[in-house]
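Residue indices begin at 1 and follow the sequence shown. Scope of the values below: all heavy atoms of this structure, side chains included, with no hydrogens, waters or symmetry mates. Each ligand, and each atom within it, is numbered from 1 in the order the structure gives.
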Amino acid sequence: MSLFDISERAQQLQNELLDFMDAHVYPAETVYEEQMRAAGDPHFHPPILEELKAEARRRGLWNLFHPHPATGAGLTNLEYAPLAEIMGRSHLAPEACNCNAPDTGNMEVLELFGTEKHKEKYLKPLLDGTMASAFAMTEPGVASSDATNVELSMVKDGDEYVLNGRKWFASNALHKNCKVMIVMGKTDPAAPTHRQQSMMVVPIDAPGVTVMRNLPVFGYADREGHAEIDFKDVRVPVEDLLKGEGEGFAISQARLGPGRIHHCMRAIGAAERALELMCKRAQSRVTFGKPIADNANIQDWIAEARIDIEMIRLLTLKAAYLMDTVGNKEAQTEIAAIKVAAPAIALKIVDRAIQVHGGAGITDDFPLAMSYAHLRTLRLADGPDEVHKRAIARRELRQYRDLRPEGI
Ligand SMILES: Cc1cc2nc3c(=O)[nH]c(=O)nc-3n(C[C@H](O)[C@H](O)[C@H](O)COP(=O)(O)OP(=O)(O)OC[C@H]3O[C@@H](n4cnc5c(N)ncnc54)[C@H](O)[C@@H]3O)c2cc1C
């Protein structure tokens with residue numbers, strides 16, 4: 001799958017994961033649907049997920065994202081990419097292997113910037129898969145694709161901060177195991193623009209925290225939830241400030257780099273599965289005396305899908321390789337580029353696979369409709385396309401800035 005060299009261990013994990021997907025994950029998809037339907041609660045935690053988690057753990061397919069060998073798989077981004085892609089083929093696999101967002105990003109933040117107490121109380125159960133967490137940056141009141149806009153106030157009062165404001169789209173906040181949030185707010189509105197923000201660790205049941213509602217995705221309630229949350233005089237001890245006052249923006253940049261590329265890796269898996277389903281359906285159904293696959297336009301879609309997948313996979317691997325070799329900062333352009341390209345291209349492929357399935361494509365008999373809804377949200381989550389394009393264009397233009405007319 002990869003042009004780049006990967007270790008024997010990473011190769012073994014790939015084989016193990018492929019086997020786990022075939023033997024357990026795909027068959028679990030219908031069981032999951034049945035258990036969710038029977039429960040009648042969109043945020044129900046179905047037993048099949050815990051069964052998958054136990055099996056993944058037994059096979060050593062646990063915390064694969066985690067770069068530190070002591071706590072996780074210790075793989076490079078390049079080695080993790082094919083694994084994340086395979087997990088991206090089913091919506092159940094990332095959680096089954098404890099590799100799902102936003103927990104992965106939160107674990108990395110707690111590992112890097114958390115105190116020993118945070119690590120014991122939150123990081124350990126997160127790594128164990130017994131706890132879930134949320135990340136609360138986006139606010140309904142301000143355009144949050146510019147993170148410097150966040151307004152939730154964090155005012156120091158003795159050895160505590162007092163938090164007031166409103167967040168929304170905090171994914172995972174309605175997960176049955178969600179116990180903690182990492183919250184970004186403003187500690188010093190007078191500081192330089194990128195030093196005004198801080199991040200704090202806040203229990204989801206802290207007095208003054210109210211989970212108001214789940215935000216639907218195209219009318220559907222995602223199991224983990226995307227919550228609107230009110231903060232009213234929430235008191236947070238100073239030791240729950242991460243890294244230091246004014247470090248919130250820097251932490252958000254550190255957190256979002258790996259998270260963004262993980263989304264892209266999984267999007268490629270979703271695109272591969274859609275292509276596979278598209279081919280199977282096109283070969284097996286007949287109209288006007290020939291299989292749907294024999295029509296030139298359908299073959300065009302299939303060929304384009306293969307070409308597009310190969311292109312986004314190569315760009316993802318390049319970004320992963322740069323992250324491993326020269327660091328996340330140096331890989332900014334490639335990370336931004338793939339964050340734009342992968343969801344948009346995967347979305348186009350899923351859309352065409354839906355078309356080839358006819359009416360069945362938009363039902364839940366196939367994973368395509370859910371995949372479409374999820375991929376569409378990825379063009380917004382972790383920064384909308386336009387913001388990433390802006391960053392790429394600014395870097396390109398910077399090389400020619402001396403050509404700008406003076407005084408403008
Ligand atoms: C399913 C889902 C899950 C999410 N999970 C989380 C989460 O767990 N935690 C969290 O904090 N947030 C989360 N988000 C929020 C997401 O990160 C924000 O929606 C995103 O950053 C955009 O912010 P906004 O919604 O305030 O849009 P705005 O900032 O209001 O922007 C609106 C639109 O304006 C356009 N735009 C903005 N800037 C420019 C520009 N410079 N040039 C051209 N056009 C521009 C873009 O098209 C953008 O979509 C999630 C979102 C979704 C949909």
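- Side-chain contact, Asn98 with Asp103: no donor N or O sits under 3.5 Å from an acceptor N or O.
- For Arg58, the salt bridge (Lys or Arg N to Asp or Glu O under 4.0 Å) partners at least two apart in sequence or on another chain are Glu55.
- Trp301 is listed as a side-chain neighbour of Asn297, based on a closest heavy-atom distance under 4.5 Å.
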Output block, N or O contacts of ligand 1, threshold 3.5 Å exclusive:
residue, atom, partner, partner atom, Å
ligand 1, 5 (N), Phe169, O, 3.0
ligand 1, 5 (N), Ser171, OG, 2.8
ligand 1, 8 (O), Phe169, O, 3.2
ligand 1, 8 (O), Ser171, N, 3.0
ligand 1, 8 (O), Ser171, OG, 3.3
ligand 1, 9 (N), Phe135, O, 2.8
ligand 1, 9 (N), Phe169, O, 3.3
ligand 1, 11 (O), Met137, N, 2.8
ligand 1, 11 (O), Thr138, N, 2.9
ligand 1, 11 (O), Thr138, OG1, 3.1
ligand 1, 12 (N), Thr138, OG1, 2.6
ligand 1, 23 (O), Ser145, N, 3.3
ligand 1, 26 (O), Ser144, N, 2.9
ligand 1, 29 (O), Ser144, N, 3.2
ligand 1, 29 (O), Ser145, N, 2.9
ligand 1, 29 (O), Ser145, OG, 2.5
ligand 1, 31 (O), Ser145, OG, 3.4
ligand 1, 47 (O), Glu386, OE1, 2.7

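- In this structure, CG in Leu347 is found 7.0 Å from CZ in Arg379, a value given to the nearest 0.5 Å.
- When only modelled atom types and interatomic distance are considered, Glu29 and Ser90 share a side-chain donor-acceptor pair under 3.5 Å.
- Heavy-atom minimum distance, Gln399 versus Glu396: NE2-O, 3.1 Å.
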